[in-house]
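Everything on this sheet refers to the single structure shown next.
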Amino acid sequence: MSDDKTTERADDGPGNFVADIVREDLAAGRVPGQVTTRFPPEPNGYLHIGHAKSIVLNFGLAAEFGGACNLRFDDTNPAAEDVEYVDSIKEDVRWLGFEWAEERYTSDYFQQLYEWAVQLIREGKAYVDSRTEEEIRATRGDFHSPGVNSPGRDRTVDENLALFEEMRGGAAPPGAHVLRAKIDMQSKDLKLRDPLLYRVLDAKHHRTGNDWRIYPMYDWAHGQSDAIEGITHSVCTLEFVNHHGLYDWFLEAVAADPAPQQIEFARLALSYTVLSKRRLLQLVEDGLVSGWDDPRMPTIAGLRRRGYPPEVLVSFCDRIGVAKSNSIVDVALLEHTLREDLNARCPSYMGVLDPLKVVIENLEEGAAHELDAPLSPDSEVHGTRKITLRREVWVERDDFMEEPIKKWRRLAPGKEVRLRYGCLITVKDIVKNDAGEVTELRCTWDPESLGGDAPDGRKVRGTIHWVCAEGAVDAEVRLYDRLFTAENPMDFEEGGSFLDHLNPESVELRSNAKLEPALGGLDVGTRVQFERLGYFCFDRDGSAEAPVLNRTIALRDSWAKKVKSAQDQKNQKNQKKARSTKK
RNA sequence: UCCGAGGUCGUUCAAUGGCAGGACAUCGGACUUUGAAUCCGUGAAUGGUGGUUCGAAUCCACCCCUCGGAACCA
């Protein structure tokens, strides 16, 4: 074999330091039983592509090392959480292609957590503080000064037990008492300055109803839940690095053995995108998008509706790597991954978004030429479909220029172009309305070119898409673009907001689109390429008779890029000129 | 200012004391019945200063920069 070298230097993809840690732990015999991870969303919002990174990491670790990954809803704050979110989260994880070993809820552990808390009180490691929220905050100290001990620290075990029962049983109103761990108010690790374990909340929990009034705080609940489930590697994002000491302290305090290990990685940030539940919620609530699944949203539901296959998100997460340094991934990488997948997956049809009529004058009225056209230029996998050429066809308005710029290959007066898989036509006359708008192109065709080949082998550089007027399917097409115009939408001027960077052209409607007949009656969710335009997905807003399509992403367009950069240069030159003449 | 986590091409991830490499982006070329896809190619980086070493992105010291932390949120 000639590939000794390639196997020796196997391309093992981008880095994943978490997988490295697991591998080392396994090699050193530090993993009791099987590798076990969990994906722990709080059911207070929809999942987005940032969560996909965590999902792929956690489920991927379990798969790679033959272990298991649980889905755990971290539902310790009934005020913010709801079943609506539980359902959407499950749907999204499944759609991404992952199946959890067990579906768990932190609320499943409320009883155990409570018993452990009582144990901590008995051991003098927790106490009830009866001061106000403000007092507690004020005595915590800050970065530079130590905290001051709470008077609650001196209460006896029995006193604490009795007070804790008041909290649990209903005698104490919300805010009257909290349970705190007795650690060290002088610690330089602020998280260790007697953190709260429990607060009293008068809220109905979406699962436990009114069974409980005391609700555990994240830090108290999370590590213990990990321990209960036998999680070996508890992977979380970087902002929890500051909780690491407390995570370990709680585990040690209840003698969890073996103890899970918390590992922090950098969450995903994407250019031209906002990924924070709070801000996504704001977009939804302010009506700036149509909902959580608006095709412009970076939510899993939004991307799904936009036309992203789940494999694209997984493969994207695989190639961005997992590291510890905060970074912003270029959205172009996502778009590249998308196009790569769609190019292989989608059959290519023809659709005209902004139709302009072409009449082929020397093509006999009533005549119909039926042709077989391939559904993929590069492979046989998609087969062919029939298209029909008649006297009247639709072409893209953008494909005609009355006064063509240089290197223009498409329709222009006197110019010959190819109708893809159809024939060669030449523009003879332009018909305009009173307003001076072009309404019709009168052309002639070369009957010898039926199918699109030049009979004498002459070079025809321009090839455009078209749709036969008779039998065309009317459709609405929505052209989506990036939601924000700024690379980092969070980089706004003082007094402004990320909304200042909203792209006013993030969606454009083409309500008069004409599609080839083969596109009629396709199922919602079907993905196709429109030749020369991009990839499109049938949306649920449409019907078999009146389809609605979302543009998932445009094809790469090096011509448009060239035209634009030429224009930019011109503008710059003009500006310079203007400046120098001013002087 | 205290504690903690980080700092490698434009971006992102590698190289774990031994020739700084891949992907995306950029630019150029070939091909083309999608100005697509594909193929080929170009340019581009170790935050700084000292030290250890035959040899340092990697080890040590000091400095600089970025991010996170003082919720009865997760």
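Everything numeric in this text was worked out from a predicted model, so none of it was measured.
- A/Gly451 comes within contact range of at least one nucleobase, with a heavy-atom separation under 4.0 Å.
- Summarising the geometry, the separation between CG on A/Leu342 and P on B/rU38 is reported as 13 Å, rounded to the nearest angstrom.
- A donor-acceptor contact shorter than 3.5 Å is absent between the side chain of A/Arg267 and the backbone of A/Thr237.
- Here the side chains of A/Ile425 and A/Ser449 are not in contact, with every heavy-atom distance at 4.5 Å or above.
- Where stacking is scored as ring centres under 5.5 Å apart with planes under 30°, A/Tyr218 does not register as stacked on the base of B/rA74.
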**Fill in**
The dot-bracket string of RNA chain B, counting Watson-Crick and G-U wobble pairs with both distances under 3.5 Å, using [ ] for crossing pairs and | for pairs to another strand, is .((((((..((((....[..))))..((((.......)))).....(((((..]....))))))))))).....

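- Judged as a salt bridge (Lys or Arg N to Asp or Glu O under 4.0 Å), the pairs with a partner in residues 311-334 of chain A (not counting sequence neighbours) are, in order, A/Glu264-A/Lys324, A/Glu311-A/Arg345, A/Arg319-A/Glu340.
- Contact annotation for A/Arg410: base contact, defined as any heavy-atom pair under 4.0 Å involving a base atom.
- Nearest to the side chain of A/Lys324, among B/rA36, B/rG6, B/rC24, sits B/rG6.
- In this structure A/Asn44 satisfies the side chain to side chain donor-acceptor pair (under 3.5 Å) test together with A/Glu42, A/Lys277, sequence neighbours excluded.
- Using modelled atom types, no side-chain atom of A/Ser145 and backbone atom of A/Gly141 make a donor-acceptor pair closer than 3.5 Å.
- Under the 30°/60° scheme for interplanar angles, the aromatic rings of A/Phe530 and A/Phe536 are found to lie parallel.
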Every protein N/O lying under 3.5 Å from an N/O of nucleotides 26-28 of chain B:
| from | atom 1 | to | atom 2 | distance (Å) |
| --- | --- | --- | --- | --- |
| B/rU26 | OP1 | A/Lys561 | NZ | 2.6 |

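- Contact annotation for A/Asp453: base contact, defined as any heavy-atom pair under 4.0 Å involving a base atom.
- Taking atom CG of residue A/Leu280 and atom C1' of nucleotide B/rA74, one finds them 16 Å apart after rounding to whole Å.
- Rounded to a whole Å, the CG atom of A/Asn343 is 11 Å from the C1' atom of B/rU34.
- Separating the P atom of B/rG4 from that of B/rA57 is a span of 28 Å, rounded to the nearest Å.
- Minimum heavy-atom separation, A/Leu246 to A/Pro195: CD1-CG, 3.6 Å.
- Within the nucleic acid shown, A/Val241 comes within 4.0 Å of sugar-phosphate atoms alone, with no base atom in reach, counting heavy atoms only.
- Among the protein residues, A/Glu531 comes within range of the nucleic acid bases, having at least one heavy atom under 4.0 Å from a base atom.
- For A/Leu268 against A/Leu275, the heavy-atom pair with the smallest separation is O-CD1, 3.6 Å.
- Residue A/Ile328 is in sugar-phosphate contact alone, with no base atom involved, counting any heavy-atom pair closer than 4.0 Å across all strands shown.
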**Request:** List the steps and the verdict of side-chain hydrogen bond (donor to acceptor under 3.5 Å, both in side chains) for A/Arg131 and A/Thr139.
**Result:** CA-CA 11 Å; A/Arg131 295 128 88 213; A/Thr139 51; 2.8 Å; yes

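- Ranked by how close their nearest RNA chain B nucleotide is to the 5' end, A/Gly321 and A/Leu450 are led by A/Gly321.
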For nucleotides 66-71 of chain B, give me every protein contact, N/O to N/O, under 3.5 Å, one pair per line with atom names.
| from | atom 1 | to | atom 2 | distance (Å) |
| --- | --- | --- | --- | --- |
| B/rC67 | O2' | A/Asn326 | ND2 | 2.9 |
| B/rG68 | O2' | A/Asn242 | ND2 | 2.9 |
| B/rG68 | N2 | A/Asn242 | OD1 | 2.8 |
| B/rG69 | O4' | A/Asn242 | ND2 | 3.0 |
| B/rA70 | O2' | A/Gly141 | O | 3.4 |

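- Residue A/Ser327 places at least one side-chain N or O closer than 4.0 Å to OP1 or OP2 of B/rC13.
- Contact annotation for A/Gly175: base contact, defined as any heavy-atom pair under 4.0 Å involving a base atom.
- Using a 4.0 Å heavy-atom criterion, one finds that A/Val200 contacts no nucleic acid atom at all.
- Across all strands, A/Ser449 comes closer than 4.0 Å to no nucleic acid atom at all (heavy-atom distances).
- At the phosphate of B/rA74, OP1 or OP2 sits under 4.0 Å from a side-chain N or O atom of A/Arg199.
- A/Arg199 places a side-chain N or O within 3.5 Å of a backbone atom of A/Pro216 that can act as its donor or acceptor partner.
- At a threshold of 4.0 angstrom between heavy atoms, the contacts of A/Ile320 are confined to the sugar-phosphate backbone, with no base atom among them.
- Residue contacts shown for A/Trp466 are absent, as no nucleic acid heavy atom lies under 4.0 Å away.
- Looking only at distances, no side-chain donor or acceptor of A/Ser348 sits under 3.5 Å from a matching main-chain atom of A/Gln529.
- Atoms CD (A/Glu81) and C1' (B/rA74) sit 8 Å apart, rounded to a whole Å.
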Distances under 3.5 Å only, N/O to N/O: pair up the protein atoms with those of nucleotides 30-32 of chain B.
| from | atom 1 | to | atom 2 | distance (Å) |
| --- | --- | --- | --- | --- |
| B/rU32 | O4 | A/Arg461 | NH2 | 3.0 |

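- Contact annotation: A/Ser145 side-chain N/O to B/rC2 OP1/OP2 distance is not under 4.0 Å.
- Taking only side-chain nitrogens and oxygens, A/Arg420 never comes nearer than 4.0 Å to OP1 or OP2 of B/rU33.
- Taking the six-membered ring where the residue is Trp, A/His51 and A/His48 present tilted rings, their angle falling between 30° and 60°.
- Place A/Asn16 and A/Glu42 on RNA chain B by their nearest nucleotides, and A/Asn16 ends up nearer the 5' end.
- Note on A/Ser271: nothing from the nucleic acid sits closer than 4.0 angstrom, heavy atoms only.
- Counting any heavy atom pair closer than 4.0 Å across all strands shown, A/Arg180 reaches no nucleic acid atom.
- B/rG7 and B/rG43 have their C1' atoms separated by 24 Å, given to the nearest Å.
- Using bins of under 30°, 30° to 60° and over 60° for the plane-to-plane angle, the ring pair A/Tyr105/A/Phe73 lands in the parallel bin.
- Atom CG in A/Leu196 sits about 11 Å away from atom P in B/rA74, given to the nearest Å.
- In this structure, A/Phe110 and A/His205 have perpendicular ring planes: the angle between them is above 60°, well past the 30° mark.
- The phosphate of B/rA74 (OP1 or OP2) has a side-chain N or O of A/Thr76 nearer than 4.0 angstrom.
- One can place CG of A/Leu338 at 13 Å from P of B/rA25, the figure rounded to the nearest angstrom.
- The closest donor-acceptor contact from the side chain of A/Trp408 to the backbone of A/Arg410 lies under 3.5 Å.
- One N or O on the side chain of A/Asp194 and one on the backbone of A/Asp184 form a donor-acceptor pair closer than 3.5 Å.
- Residue contacts shown for A/Glu264 are absent, as no nucleic acid heavy atom lies under 4.0 Å away.
- One can place CZ of A/Arg267 at 19 Å from P of B/rA5, the figure rounded to the nearest angstrom.
- Taking 4.0 angstrom as the limit, A/His465 places none of its side-chain polar atoms (N or O) nearer than this to OP1 or OP2 of B/rU34.
- As a whole-Å value, the separation of A/Asp341 CG from B/rA36 C1' is 16 Å.
- Using modelled atom types, one side-chain atom of A/Arg213 and one backbone atom of A/Met167 make a donor-acceptor pair closer than 3.5 Å.
- Judged purely by atom type and a 3.5 angstrom limit, A/Ser187 uses its side chain to pair as donor or acceptor with the backbone of A/Asp189.
- For A/Arg532, a side-chain nitrogen or oxygen approaches OP1 or OP2 of B/rG35 to under 4.0 Å.
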